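Worksheet for the structure shown next.
Every chain is numbered from 1 and lettered A, B, ... according to where its sequence line falls, protein lines coming before strand lines. As the structure is a prediction and not an experimental result, all values here were calculated from the model.
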Amino acid sequence: MDVLKRVPVREQDAQVRAKNFEEVCFGYNAEEAVAEASRCLNCKNAMCVKGCPVSIDIPAFIDHVKNNEFEEAYQTISESSALPAVCGRVCPQESQCEGKCIRGFKGDPVSIGKLERFVADWARENGIKPKKAEKMNGHKVAVIGSGPAGLTCAGDLAKLGYEVTIFEALHAAGGVLVYGIPEFRLPKDKVVAAEVENVKALGVKIETNVVIGKSITIDELIEDEGFEAVFIGSGAGLPKFMGIPGEQANGVFSANEYLTRNNLMKAFQEGYETPISRGKKVVVVGGGNVAMDAARTALRLGAETHIVYRRSEAELPARVEEVHHAKEEGVIFDLLQNPLEILVDENGWVKGIKIIKMELGEPDASGRRRPVEVPGSEYEIECDTVIMSLGTSPNPLISFTTEGLDINKWQCIVAEEETGATSKEGVYAGGDAVTGAATVILAMGAGKAAAAGIHEYLSNK
Amino acid sequence: MYPIVRKEVLADQIVLMDIKAPMVAKKCLPGQFIIAKTDEIGERIPLTICDYDREAETVTIVVQTIGAGTKRMMDLNEGDELMDFVGPLGCASELCEEKNLEETKQKKILFVAGGLGIAPVYPQVKWLHEHGVDVDVIMGCRTKDLLFYIDEMKAVAKNVYVATDDGSYGFHGNGCAQLEALYAEGKTYDQCVAIGPMIMMKYTALLTKKLEIPTIVSMNPIMVDGTGMCGACRLMVGGEVKFACVDGPEFDGHLVDFDQAMARQAQYKTEEGRAKLAYEEGNTHHGGCGHCGGDE
């Protein structure tokens with residue numbers, strides 16, 4: 001075995017998986033995991049841990065894998081992460097732990113993500129649960145939102161002995177893990193529901209169908225329901241649109257709507273009632289992970305699918321692996337192109353999209369080269385569905401109904417990065433509600449920081 | 001789970017249900033809506049709150065068959081349970097807020113309820129009545145078999161004018177014609193609230209614009225989450241994109257782009273019809289249409 005090369009991971013064939021919603025990546029088996037783990041140099045000053053937003057003791061868990069001690073490996077990860085089976089699948093490891101791996105200087109970095117996934121899957125298949133707090137400390141904390149930030153914060157607090165209740169607005173727990181990320185990247189029943197069960201096994205209560213700000217307010221949670229601290233992990237909000245003509249036509253969806261219909265409401269599955277538009281030719285506008293998810297979903301629903309993105313491939317904000325998978329499956333990338341108008345037929349349905357070609361100019365404030373229009377390069381793509389994947393702006397339900405909670409000019413909740421503390425005493429926040437749309441693991445990092453912040457606050461109260 | 005504690009068939013294809021939902025019943029106000037889901041495979045269905053009983057912890061909804069999802073919900077009985085019931089969602093009616101009460105008391109208010117819109121109009125009229133404001137109500141329907149809540153409405157409104165398109169009950173003509181007739185008699189109003197099918201709200205708003213009566217409408221577009229996440233319920237109001245679930249559902253009827261809203265509402269018509277057929281008759285192909293090839 002070449003130690004410079006990582007053990008390859010088995011995947012569903014691209015042609016086959018482009019037509020189903022089964023998981024793309026099969027993951028390692030025990031033998032492959034042990035072989036890959038043996039490539040770890042077990043660095044004293046481990047850079048990978050510094051690259052992990054929740055600071056998992058990576059060398060320690062990999063060492064356990066190397067020695068076939070999978071249960072110990074799981075308990076090591078569980079000390080830091082509430083959702084290892086999720087993170088092993090959707091974290092951008094290439095820019096975090098694996099991006100810092102010493103092996104990466106001269107060869108492939110250790111497949112830390114795939115090892116984490118293996119350990120978490122093994123634990124689930126063998127009925128191993130994370131360890132519960134030995135005794136409760138009698139303090140009640142409310143967590144708003146059961147997405148990655150909320151689950152992490154709740155899990156950490158429960159391990160410290162807090163009595164935690166999560167309030168979820170939707171009918172199923174998991175937040176973006178359920179409504180946003182598709183089945184083929186993150187299986188809902190097998191992985192997400194099982195991770196949620198693990199958080200419940202720590203003693204966390206989850207109440208679905210409760211919209212904080214409407215069903216009950218934060219002030220009422222504190223004053224009437226006896227919660228001593230509240231964590232807001234309510235996630236991103238309303239989808240953004242471009243403001244171009246034709247955007248209200250039938251057949252134009254936000255990626256949030258398209259993915260929610262498919263993932264949360266299971267429109268792709270026979271027997272479920274929620275409809276989804278199965279276009280013949282779909283154009284997805286945007287270049288992030290959500291755009292890739294929407295495009296690969298449309299492809300699986302039978303459409304010829306295009307991604308239209310205004311910069312070049314190097315600037316695509318999506319993970320390299322997602323772009324690679326999308327291409328393998330047959331998604332067509334129309335890069336350096338930007339929509340000008342959605343063309344609408346006489347019945348109000350999309351019939352096409354007018355596009356202009358772009359070229360890269362000088363770098364802008366983000367450091368990326370600014371795309372500028374190429375004069376006279378307009379052309380039209382015929383299509384029946386357009387999916388806008390341009391990010392979101394914060395949901396107003398909580399900030400508008402909570403006395404003394406500061407928001408910034410983008411209407412995101414203002415919270416200290418280290419502790420999650422907001423302008424309101426006892427109220428903490430983290431994840432997309434604070435940062436705007438970001439990743440699962442950054443939200444988890446914020447949930448973790450806030451759990452520590454809340455613990456500190458309540459310990460000194 | 002949310003038990004159905006009372007079920008009443010109001011009219012053909014229209015059913016009323018009282019649902020035990022303590023959290024919603026404690027907080028809801030007229031003008032707001034809920035989202036209900038029958039079971040695992042069901043859709044999330046937005047329904048306007050028609051009444052509530054804070055002591056009994058129940059919320060009243062009225063359901064009309066549109067597709068398979070509403071049909072299956074209507075087929076449930078007392079003692080059955082809805083799997084999910086969330087709310088209250090959206091903003092309360094501005095007329096039914098304590099802080100606006102003094103201003104509201106100065107106004108001559110007319111409600112125009114069309115068809116199923118009778119249901120959401122009722123709690124507003126009732127709330128106003130309980131707060132010392134008496135209003136007039138026009139209840140418009142296609143035909144008398146679809147009418148419901150006449151006595152209930154009469155108990156809380158000053159004048160109730162019933163109009164049917166076919167003249168089978170009350171005034172012969174639609175709600176707009178009834179309103180024009182009232183104006184011809186010399187009646188005037190300072191505020192109109194029109195709730196019903198979009199086409200009815202559109203024409204009522206056109207008429208009230210001519211009559212110079214400020215008009216509130218309650219929009220009922222397609223929704224998925226109903227909490228400000230998916231953007232399915234977007235509509236144009238005064239040239240701006242608004243989301244019915246968090247910005248509404250009530251808007252200035254003279255600013256809403258109804259034609260676009262109606263086109264958007266028809267988005268899943270074919271799918272809904274097909275699903276309803278499949279539920280009622282076991283299949284969707286009866287042969288003979290000559291287009292789909294399903295019977296070949």
Side-chain angles (χ1 to χ4, degrees), chain A residues 168-172 175-176 179-180 207-211 213-217 220 234-241 243 247-261 264-267 269-278 344 347-349 388 392-397 400, chain B residues 2 21 23-24 26-28 32 34-45 67-69 72 83-91 222-236 241 243 245-247 257 259-268 270-272 274-275 279:
Chain A
E168 167 58 48
L170 293 175
H171 58 267
V176 72
Y179 74 74
E207 284 195 35
T208 53
N209 295 327
V210 181
V211 183
K214 288 287 173 188
S215 311
I216 190 167
T217 63
E220 288 166 333
S234 52
L238 288 159
K240 288 184 186 158
F241 290 91
E247 236 171 350
Q248 312 307 321
N250 285 355
V252 182
F253 304 95
S254 73
N256 270 9
E257 177 185 353
Y258 195 75
L259 290 169
T260 301
R261 285 180 179 277
L264 175 71
M265 304 312 295
K266 304 196 169 121
Q269 228 167 300
E270 192 66 36
Y272 281 80
E273 273 168 358
T274 302
I276 193 162
S277 153
R278 291 177 183 249
V344 186
N347 298 317
W349 284 83
M388 290 293 178
T392 58
S393 51
N395 189 312
L397 291 187
F400 285 16
Chain B
Y2 304 83
M23 242 180 165
V24 186
K26 189 175 170 190
K27 267 305 182 66
C28 63
Q32 292 188 297
I34 57 91
I35 283 189
K37 185 167 160 290
T38 304
D39 52 18
E40 166 64 21
I41 63 161
E43 283 189 71
R44 290 172 67 90
I45 302 174
R72 286 197 315 115
M83 189 178 237
D84 297 289
F85 194 87
V86 59
L89 300 168
C91 303
I222 294 171
M223 291 186 185
V224 187
D225 68 296
T227 64
M229 189 267 283
C230 82
C233 66
R234 66 189 187 276
L235 68 163
M236 297 300 282
V241 177
F243 298 96
C245 71
V246 290
D247 299 325
D257 183 338
D259 291 335
Q260 193 180 73
M262 283 189 281
R264 285 187 61 76
Q265 203 179 33
Q267 198 154 188
Y268 292 99
T270 337
E271 282 91 343
E272 270 167 8
R274 216 177 272 147
Y279 171 68

So does [Y] get a backbone contact from the side chain of [X], meaning a donor-acceptor N/O pair under 3.5 Å?
| X | Y | result |
| --- | --- | --- |
| A:Q248 | B:L235 | no |
| A:N395 | B:T227 | yes |
| A:N256 | B:G231 | no |

Task: Which atoms of B:Y2 approach chain A - backbone, side chain, both or neither, heavy atom under 4.5 Å - done: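 Only the side chain of B:Y2 comes within 4.5 Å of chain A.
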TODO: Please state whether the side chain, the backbone, both or neither of B:Q32 comes within less than 4.5 Å of a heavy atom of chain A.
DONE: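 Only the side chain of B:Q32 comes within 4.5 Å of chain A.
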- [ ] Output all residues satisfying salt bridge (Lys or Arg N to Asp or Glu O under 4.0 Å) with B:K37, sequence neighbours left out; order by chain, then residue number.
- [x]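 Only B:D84 meet the salt bridge (Lys or Arg N to Asp or Glu O under 4.0 Å) criterion with B:K37.
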Task: With sequence neighbours excluded, residues passing salt bridge (Lys or Arg N to Asp or Glu O under 4.0 Å) with B:D259 - done: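 B:D259 satisfies salt bridge (Lys or Arg N to Asp or Glu O under 4.0 Å) with B:K202 only.
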Task: Lys/Arg N to Asp/Glu carboxylate O, A:E220 vs B:K26, below 4.0 Å - done: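 No.
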Task: Pair A:E247 + B:R234: basic N to acidic O under 4.0 Å - done: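 No, no charged N to carboxylate O under 4.0 Å.
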Task: Taking every non-hydrogen atom, the tightest pair across B:E43 and A:P275 - done: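 Minimum heavy-atom separation between B:E43 and A:P275: OE1-CD, 3.7 Å.
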- [ ] Output, in order, the C-alpha distance, side-chain angles, deciding distance and verdict of side-chain contact (heavy atoms from CB on, under 4.5 Å) for A:H171 and B:V86.
- [x] CA-CA 8 Å; A:H171 58 267; B:V86 59; over 6 Å; no
Task: Residue pair B:F243, A:L238: steps toward the side-chain contact (heavy atoms from CB on, under 4.5 Å) verdict - done: CA-CA 9 Å; B:F243 298 96; A:L238 288 159; 3.7 Å; yes
